[in-house]
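Written out below as structure tokens is the structure these notes cover.
Remember, it's 1-based here, ligands and their atoms both numbered in the order they're listed. Remember, it's a predicted structure, so these values are computed and weren't measured experimentally.
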Amino acid sequence: MTKIHILRTGSVWIKAAQVRAKGTGLARTWNGLFDREWSPELPIFAYLIEHPEGLILVDTGETARAMQKGYFPRWHPYYHVGLRFNVKPSDEIGPQLRLAGFDAADVPTVVLTHLHTDHAGGLAYFGKARMLVSAVEFKAAQGFAGRAAGYPNHQWPKDFAPELLQLPPVGADLMAASVPLTKDGAVRVIAAPGHTRGHMAVSVDIDGIMFLIAGDVSYLEQTLLDGVPDGLGVDPAAQVKTHGLIRDMARRRPLVYLNGHDPACPQRLRERQTLQVAG
Ligand SMILES: [Zn+2]
């Protein structure tokens with residue numbers, strides 16, 4: 001039987017206007033960085049799918065090293081004005097997997113929804129695993145331009161060489177462009193662009209319910225329901241379109257929305273609370 005485990009790798013605080021965009025255009029970006037109001041404490045989640053064909057981890061959380069001076073580029077404003085972490089060594093993905101009864105060395109497949117620091121911070125635990133990243137995302141994260149775009153690629157393990165997925169372009173139905181990860185088709189990778197252009201989500205079918213592991217498609221379920229983009233994602237129009245396509249899916253079938261930072265995710269997973277879309 002397939003089971004999903006939610007793993008928490010510490011906490012993050014970002015600006016309220018990053019969680020939910022305030023304004024459009026340059027004002028949106030400015031507010032996302034310099035808003036005076038902070039978000040509440042947000043968890044940093046990763047998800048382990050226990051499937052009969054093997055374990056699949058979605059995202060690797062943040063590393064405790066992100067708390068140390070010099071981990072992020074000194075010249076980058078975001079890490080100094082827009083972001084605070086609380087990640088202890090025991091919060092990292094390796095110890096959290098152990099707490100759940102698993103060993104990082106036994107995880108054969110890791111899917112990264114995207115490569116931002118709090119999703120790719122635990123890469124070093126999975127040296128032998130097959131890593132899956134969208135080709136678009138991997139390209140965007142390279143070099144100095146990548147570091148400027150919020151990917152601390154100088155901290156990746158030196159041998160990080162993920163398998164690059166070329167997902168079909170998004171049309172009117174997100175699932176039409178999905179790629180199966182398991183032979184039974186119950187676990188699929190889906191293009192979910194907006195927060196980053198190469199952002200992906202993972203769907204898991206259990207008992208006729210779709211559990212959508214959505215990374216940073218939205219920081220909260222409510223902003224997805226409201227169709228409001230975040231404050232610093234690269235393509236807010238694409239993000240709002242992705243929100244609409246997920247709401248469409250939830251109208252057609254029961255869908256439990258699990259993402260990277262919504263504090264309600266553990267309860268939603270436990271109680272199988274489905275996304276309630278009006279209309
Ligand atoms: Zn992100």
Side-chain angles (χ1 to χ4, degrees), residues 7-21 28-29 31-33 35 38-39 41-47 57-63 66 71-73 76-79 81-87 93 110-123 131-134 136-142 145-153 155-156 162 189-202 212-221 223-224 228-240 242-243 246 257-263 265:
L7 306 162
R8 179 171 181 168
T9 68
S11 301
V12 65
W13 289 258
I14 54 179
K15 295 298 176 71
Q18 188 185 350
V19 174
R20 175 187 281 267
R28 167 181 164 268
T29 307
N31 291 330
L33 269 175
D35 190 7
W38 284 87
S39 72
E41 178 175 0
L42 298 174
I44 306 168
F45 291 129
Y47 294 87
L57 182 73
V58 183
D59 288 336
T60 64
E62 189 49 284
T63 168
Y71 182 81
F72 295 115
H76 201 300
Y78 175 64
Y79 302 110
V81 301
L83 185 67
R84 290 174 194 159
F85 283 117
N86 184 10
V87 183
I93 190 73
V110 177
V111 182
L112 296 152
T113 60
H114 62 308
L115 291 170
H116 281 160
T117 178
D118 52 330
H119 299 257
L123 293 178
M131 303 261 191
L132 299 172
V133 179
S134 99
V136 172
E137 181 74 9
F138 195 61
K139 192 172 169 213
Q142 298 303 314
R147 287 194 288 287
Y151 300 102
N153 53 39
Q155 299 291 357
W156 293 347
V189 181
I190 305 166
H195 177 69
T196 65
R197 284 202 179 82
H199 194 288
M200 307 191 301
V202 175
L212 189 68
I213 303 173
D216 289 352
V217 159
S218 69
Y219 289 113
L220 302 174
E221 183 179 88
T223 48
L224 172 108
V228 177
D230 67 55
L232 292 175
V234 294
D235 190 341
Q239 193 177 22
V240 168
T242 296
H243 291 171
I246 291 172
Y257 184 70
L258 304 171
N259 70 1
H261 303 287
D262 190 324
C265 285

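Taking the six-membered ring where the residue is Trp, the centroids of H261 and F45 are separated by 6.0 Å or more. Checked against the 6.0 Å centroid threshold, Y151 and H114 do not count as a close aromatic pair.
Per residue H116, closest N, O or S atom to the Zn ion (ligand 1): atom name ND1. Of all the N, O or S atoms in D216, the one closest to the Zn ion (ligand 1) is OD2.
Closest approach of W13 and N86 over heavy atoms only: CZ3-CB, 3.8 Å.
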Handout entry: Test log, rule side chain to side chain contact (heavy atoms under 4.5 Å, CB included), inputs H119 and D216
Key = CA-CA 9 Å; H119 299 257; D216 289 352; 3.0 Å; yes

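An angle of 100° is found at the Zn ion (ligand 1) between H114 atom NE2 and H195 atom NE2, rounded to 10°.
Taking backbone and side chain together, D118 holds no N, O or S atom under 2.8 Å from the Zn ion (ligand 1).
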